[in-house]
Amino acid sequence: MSNISKLRNIGIAAHIDAGKTTVTERILFFTGVNRKVGEVHDGQATMDFMKQEQERGITIASAAITAPWKDHQINLIDTPGHVDFTIEVERSLRVIDGMIAVFCAVGGVEPQSETVWNQADRYRVPRIAFINKMDRTGADFYEVVGQMNRYLDASAVPFQIPMGSEEHFVGMIDVLRMKAYTFGDSDRNETEVPAEYAVPARNARDRVIEVLADYDEEIGDLFLAEKDVPAELLLTAARNATLKLLITPVFCGAAYKNKGVQLLLDAVVDFLPSPVDVGAIVGSDIDDSEKMLTRGPSGKEPFAALAFKLINDPFVGQQTFIRIFSGTLTSGMAFFNATKGKSERAGRIFRIRAKDREEISEAGPGEIVALVGLKLTRTGDSLCDPNHKIMLESIHIPPAVIDLKINPAVRKDRERLSEALARLCNEDPSFHARFDMETEETIVSGMGELHLEIVVDRLKEEFKVEVEVGEPAVSFREALSAEVESNYRHVKQSGGKGQFAHTVIRFEPNEGKGFEFVDKIKGGAIPAEFISSVEKGLRKAMDKGPLAGFPVVDVKAVLVDGGFHPVDSSDMAFQICAAICFKQGFMKAKPQLLEPIMKVEVNTPDDYIGNVTGDLNKRRGRIEAMRRFRKGAQKLNGFVPLSEMFGYATSLRNISSGRANYSMEFFNYQPLPAALQETVIKKLAEKKD
């Protein structure tokens, strides 16, 4: 796009059922991208084009769409609200410049809205809020604004106030311009503020002025002098404060009834940043990670982009979605994948409209496009000019916490199953698949039960592979809790060339820091070319721990001594030696199983608080906080082991007569109590027998 300041890359994020996808559909309708409105409940939503999304009425994959509004180009990324698909929100936040946070006027700040808000804080994404469903029974605009300030520390400031609520909701007042808006089927009518709303509108405008006076000297002077502040001055100051994350402007409406969406689009243009506002992105030098480099949003700078999503399209094959931060990309152009250290070439470039695509010959800074024909690029990879290499910050990927055993229903489908799983792993970095040689079973791992349910569904529908599914199981980790030095000499003589390697390695707990390898070899006891073989052998051995076959985490391995043979030593000999050295040492270092702990939030009416608390305590839960959620209801926050949460939805429904709801997300791994560890290991051993 020639004028980058007229580009807006925005995401829409919220708790499940707050109406994000409905808001998106209305945006596409009013911007002319769609001639008719698609509905989530009919399975006709443009953005929810996967069969699994249409059946469940939820968004699973974030889809990117380009839409025009008031001579601006809006690239819109719709993200899921279900916690199992947090990776989709995470990768979208990495490439958008601004965000619309949608809240339900009845539900208010719900568990997943907090998660998304915190993710946006981490990436410092400016945002505006849209309080949706103002026409629903129980809608309370001011209560939701209060919750945003109490629970999210959002500095939420209403830029609109509603006229009426529930079935009497007719429109809203723009307090900056002091205009009232009511709505027909698809048009909006602008009028002066009705007399009965004059006082609340004036009070709301004074509140905006009071807040902005802290950040803008000119408004501060007018405020102290009790003079009127022009709307243009308020708009400029409000935009600056929003971009600096000092305030969150709040708007309202009822997207399903077409009320307030055009004004929300105006707000996107008025208050959310263009790539120019965001400025240069920072990366590191590929040869010296300490050296920082920048790339500004200009077509004249060297090319730099981040791949943030892969989708397998049945018509054009694999599409790789990228956000271009600097430079210009043309079709057929060669560039460098800094993450993989290899060259790639752009085949065709598409601008995407959910299912539809428009082929373009070039794309510039700030654009979000899909490339067809990339072979190596995966989610989080940095792409750059071969002569000006840069490594951009990648995408935070949470660990998979739940395992599922799957097998093809027909033995001959085994190869098709592994191909399909490989494609799904490429698409979704929070999903993993591995084949267990001992049990001859395929084990898939994901973020939650729904995540894996969708994967199984896609295997059947998209890839036409029928699978038999086992029970979901917790994905434990293994760790050592004591320091140990392990000494192993690997000698193998069998006709022909022998194998020889000797390693002495000290293993130490390395809590929260992952795997660390330190080479302390002196005097060439092990030649330099075999040091990497030792590390490789250790990494491989850690994939399947000696205690119960789960991945090993948080280990510092210090290679202190060893030996080699000029003829019989090889890369493979040192890999085997290191692996056995690790297994022997690990079992002497007080090994322990770590279990995933989930952060759980339950919303419950007061009547059931005792039942809910008692049930969580029985599940080895630790309740951290209880707070008044709304009149007659409370929010419980706590931590519960994942193994105790299977079937919790049914249990909660029963003890609260279906009136409580909950959400959970991964928090961290913690040691399993010793008595339970024995039981788990015993059960796993029985299954193998």
Side-chain angles (χ1 to χ4, degrees), residues 12-31 34 36-42 44-48 57-59 78 81 100-110 112-113 128-148 156 158-175 179-191 193-194 196-197 200-201 204 248-268 603 629-633 659 661:
I12 298 192
H15 185 84
I16 195 164
D17 278 345
K20 295 179 312 299
T21 302
T22 305
V23 171
T24 309
E25 289 301 321
R26 296 310 184 272
I27 286 175
L28 299 180
F29 174 67
F30 287 118
T31 53
N34 282 354
K36 73 180 185 64
V37 173
E39 299 297 0
V40 176
H41 56 79
D42 301 335
Q44 295 295 314
T46 308
M47 299 296 266
D48 291 352
I58 59 171
T59 304
D78 187 29
I100 302 172
V102 180
F103 297 93
C104 170
V106 183
V109 174
E110 295 178 276
Q112 185 65 8
S113 24
I128 58 177
F130 182 67
I131 297 177
N132 190 25
K133 303 190 181 184
M134 281 301 305
D135 56 337
R136 283 260 308 274
T137 305
D140 189 336
F141 175 79
Y142 296 101
E143 169 59 20
V144 179
V145 173
Q147 288 181 18
M148 286 176 67
F159 279 28
Q160 288 175 352
I161 60 166
M163 292 194 286
S165 69
E166 303 184 340
E167 72 268 29
H168 304 298
F169 176 67
V170 291
M172 63 284 300
I173 294 164
D174 175 342
V175 299
K179 296 287 181 196
Y181 294 91
T182 55
F183 298 86
D185 286 342
S186 62
D187 55 338
R188 55 176 161 168
N189 311 305
E190 184 183 302
T191 59
V193 176
E196 70 264 36
Y197 289 107
T248 305
V250 183
F251 303 87
C252 64
Y256 183 55
K257 299 275 174 64
N258 296 338
K259 292 178 180 171
V261 177
Q262 300 109 308
L263 296 172
L264 182 64
L265 280 162
D266 290 348
V268 165
N603 296 339
F629 174 43
R630 62 173 89 89
K631 198 177 171 194
R659 291 176 61 203
N661 62 42

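Predicted model only: the values in this text are computed from it and were never measured.
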- prompt: Between CG of Leu264 and CD1 of Ile27, what distance do you get to the nearest 0.5 Å?
  reply: 5.5 Å
message: Side chains of Phe251 and Leu263, heavy atoms from C-beta outward: is any pair under 4.5 Å?
response: no
task: Please name all residues satisfying side chain to side chain contact (heavy atoms under 4.5 Å, CB included) with Ala156, sequence neighbours left out, ordered by chain then number.
output: Val145, Met148, Asn149, Ala154, Val250
- line: Rounded to the nearest 0.5 angstrom, the CZ-NZ distance for Arg136 and Lys257 is 10.5 Å
query: Taking only residues two or more places apart in sequence or in another chain, which ones pass side chain to side chain contact (heavy atoms under 4.5 Å, CB included) with Val144?
result: Phe103, Ile131
- prompt: Does Tyr181 offer a backbone N or O that forms a donor-acceptor pair with the side chain of Arg188 under 3.5 Å?
  reply: no
statement: All heavy atoms of Val175 vs all of Ala201, minimum pair found to be CG1-O, 3.9 Å
message: Within the 4.5 Å heavy-atom criterion, are Val23 and Ile100 side-chain neighbours or not?
response: no
message: Any heavy-atom pair between the side chains of Asp135 and Tyr256 that's under 4.5 Å?
response: no
message: Once side chain to side chain donor-acceptor pair (under 3.5 Å) is applied, do any residues pair with Tyr197, and if so which ones, sequence neighbours excluded?
response: none
task: Output yes when a side-chain donor or acceptor of Asn132 lies under 3.5 Å from a complementary backbone atom of Ala255, and no otherwise.
output: yes
- request: Could you tell me the separation between the CZ atom of Phe141 and the CD1 atom of Ile161, rounded to the nearest 0.5 Å?
  value: 8.0 Å
message: To check you understand the geometry: which heavy-atom pair defines the closest contact between Cys252 and Met134, and what is its length?
response: CB-CG, 4.0 Å
- request: Check side chain to side chain contact (heavy atoms under 4.5 Å, CB included) between Thr191 and all other residues, then give those that pass, not counting sequence neighbours.
  value: Ala180
query: Looking at residues at least two apart in the chain, or sitting in another chain, which of them share a salt bridge (Lys or Arg N to Asp or Glu O under 4.0 Å) with Asp140?
result: none
Minimal non-hydrogen separation, Ala254 against Phe130, with atom names: N-CZ, 4.4 Å
Do any side-chain atoms of residues 165-174 form donor-acceptor pairs under 3.5 angstrom with protein atoms, and if so which ones, sequence neighbours left out?
| unit_1 | atom_1 | unit_2 | atom_2 | d |
| --- | --- | --- | --- | --- |
| Glu166 | OE2 | Gly138 | N | 2.6 |
| Asp174 | OD1 | Leu176 | N | 3.0 |
| Asp174 | OD1 | Arg177 | N | 3.2 |
| Asp174 | OD2 | Arg177 | NH1 | 2.8 |

task: Show your working on side chain to side chain contact (heavy atoms under 4.5 Å, CB included) between Thr137 and Val106 and close with a plain yes or no.
output: CA-CA 8 Å; Thr137 305; Val106 183; over 6 Å; no
